[in-house]
Amino acid sequence: MREKQNELEAIIFDVDGTLVDSNDLHARAWQKAFAHFGKELTLDQVRAFPGVREAFESLRKRGLTLFLASSADPDEVKHHTELLGIEDIIKGSTSAEDAEFSKPSPEIFEAARERLGTEAGRTLTVGDTPYDILASDRASIPIAAVLSGGFDRSTLDKAEFVFDDLTDLLRRFRDIEAYFAAG
């Protein structure tokens with residue numbers, strides 16, 4: 001059972017599939033395949049999900065500190081942060097340089113929480129895959145899963161919360177507040 005405290009202080013967001021519409025593993029596979037034949041393929045086709053900046057502004061107004069946790073290369077994380085237009089809202093981010101292993105290893109979420117300086121029970125992660133859920137569980141951090149990454153709801157049911165997307169998370173944010181207040 002993950003530790004709960006009295007009040008939520010920070011939210012750590014996964015990026016790919018949660019905030020940007022990217023099928024990262026597929027895109028990288030295609031990128032490598034094309035590179036094998038001498039063709040360079042960039043990931044510029046990635047699009048931000050609608051309303052991310054507005055959602056982040058709303059969460060900041062609630063006094064929350066926001067952070068990104070990605071296992072992607074630092075340049076890719078920087079690109080996505082700029083694409084989302086949230087550089088001035090977030091406290092920072094992690095990248096592949098901050099963890100030896102990718103999720104489901106908890107390293108990337110632990111690195112983000114350490115940089116935030118928050119306790120696990122006063123922090124929430126938001127992700128879109130069963131690997132995010134397992135990594136968050138291993139880091140003892142409660143998680144809200146979103147369906148925007150394309151995983152079926154039944155594969156995300158071990159999360160404390162499952163939302164359709166970031167807009168649904170905001171609409172039902174009182175549920176999250178009640179969860180943390182009950183600790």
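Every heavy atom of this structure was used, including side-chain atoms; hydrogens, water molecules and symmetry mates were not.
- Of the inter-residue distances, the one linking Y179 atom OH with L8 atom CG reads 10.5 Å to the nearest 0.5 angstrom.
- Residues forming a salt bridge (charged side-chain N to carboxylate O under 4.0 Å, His left out) with D152 (at least two apart in sequence, or on another chain): none.
- Contact between K91 and L116 at its shortest, heavy atoms only, is NZ-O, 3.6 Å.
- For L83 against A48, the heavy-atom pair with the smallest separation is CD2-N, 3.8 Å.
- We find the CG-OG1 distance between D132 and T18 to be 5.5 Å, quoted to the nearest 0.5 Å.
- One distance of note links OG1 of T129 with CG of D16; it measures 10.0 Å at 0.5 Å rounding.
- Every residue was checked against the side chain to side chain donor-acceptor pair (under 3.5 Å) condition with D157, not counting sequence neighbours, and none meets it.
- Evaluated for a side chain to side chain contact (heavy atoms under 4.5 Å, CB included) with I133, the options I143, T155, D128 yield exactly one hit, I143.
- For the residue pair D98 and T94, no side-chain donor N or O sits within less than 3.5 Å of a side-chain acceptor on the partner.
- For Y131, the OH atom is loosely surrounded, since the number of other residues' heavy atoms within 6.0 Å does not exceed 12.
- Between I108 and S70 the shortest side-chain heavy-atom distance does not fall below 4.5 Å.
- Cluster annotation: L84 is connected to I89 through the hydrophobic network of ILVMFWY side chains, with a link wherever side-chain heavy atoms come within less than 4.5 Å.
- Nearest heavy atoms, A72 versus S95: O-CB, 3.3 Å.
- Between the side chain of R60 and the backbone N or O of L64 there is at least one donor-acceptor pair closer than 3.5 Å.
- With sequence neighbours left out, F109 forms a ring pair (Phe, Tyr, Trp, His ring centres under 6.0 Å) with no residue at all.
- Side-chain contact check for L124 versus I176: some heavy-atom pair is nearer than 4.5 Å.
- Here OG of S136 is found 5.0 Å from CD1 of I141. Values are rounded to the nearest 0.5 Å.
- Under the 4.5 Å side-chain criterion, counting only non-hydrogen atoms from C-beta, L166 is in contact with V52.
- A salt bridge does not link K78 to D73: none of the charged side-chain nitrogens sits closer than 4.0 Å to a carboxylate oxygen.
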Apply side-chain hydrogen bond (donor to acceptor under 3.5 Å, both in side chains) to D165 and S148, showing your working.
CA-CA 5 Å; D165 52 24; S148 54; over 6 Å; no
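- Across all their heavy atoms, A69 and K103 have their closest contact at O-NZ, 4.0 Å.
- Both F49 and L68 are members of a single hydrophobic cluster when ILVMFWY side chains are connected at heavy-atom separations under 4.5 Å.
- A salt bridge does not link R47 to D21: none of the charged side-chain nitrogens sits closer than 4.0 Å to a carboxylate oxygen.
- A salt bridge is absent between R172 and D164: the closest approach of a Lys/Arg side-chain nitrogen to an acidic carboxylate oxygen does not fall below 4.0 angstrom.
- Between the E107 side chain and the F101 main chain, a donor and an acceptor come within less than 3.5 Å of each other.
- Side-chain contact of T118 with T123: a donor-acceptor pair under 3.5 Å is present, judged by distance alone.
- Linking ILVMFWY side-chain heavy atoms closer than 4.5 Å, directly or via other members, places I11 and V77 in two distinct hydrophobic clusters.
- When side chains are defined from C-beta on, T125 does not count as touching D14, because their heavy atoms never get closer than 4.5 Å.
- Side chains of D88 and R53 form a contact here, defined as non-hydrogen atoms less than 4.5 Å apart.
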Test R153 against L147 for side chain to side chain contact (heavy atoms under 4.5 Å, CB included), laying out the working first.
CA-CA 7 Å; R153 183 178 294 273; L147 298 171; 3.2 Å; yes
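- In this structure T65 satisfies the side chain to side chain donor-acceptor pair (under 3.5 Å) test with no other residue, sequence neighbours excluded.
- R113 and E119 make their closest contact through CD-C, 3.9 Å (heavy atoms, listed as atom of the first residue, atom of the second, distance).
- By the ring pair (Phe, Tyr, Trp, His ring centres under 6.0 Å) test, F56 is found to be paired with F13, residues two or more places apart in sequence or in another chain being considered.
- In this structure the side chain of F151 reaches within 4.5 angstrom of the side chain of L156, judged on heavy atoms.
- With sequence neighbours left out, F163 forms a ring pair (Phe, Tyr, Trp, His ring centres under 6.0 Å) with F161.
- A donor-acceptor pair under 3.5 Å links the side-chain atoms of R115 to the main chain of S93, judged by distance alone.
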Should L59 and L170 be marked as a side chain to side chain contact (heavy atoms under 4.5 Å, CB included) after you check the CA-CA gap, both sets of side-chain angles, and the distance that decides it?
CA-CA 8 Å; L59 293 168; L170 280 178; 3.7 Å; yes
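- By the 4.5 Å heavy-atom criterion applied to side chains, V146 and V162 are not counted as neighbours.
- Ionic pairing of E177 and R62 is present here: one or more N-O contacts between side-chain nitrogen and carboxylate oxygen are shorter than 4.0 angstrom.
- The two residues A135 and S105 make their nearest non-hydrogen contact at CB-O, 3.4 Å.
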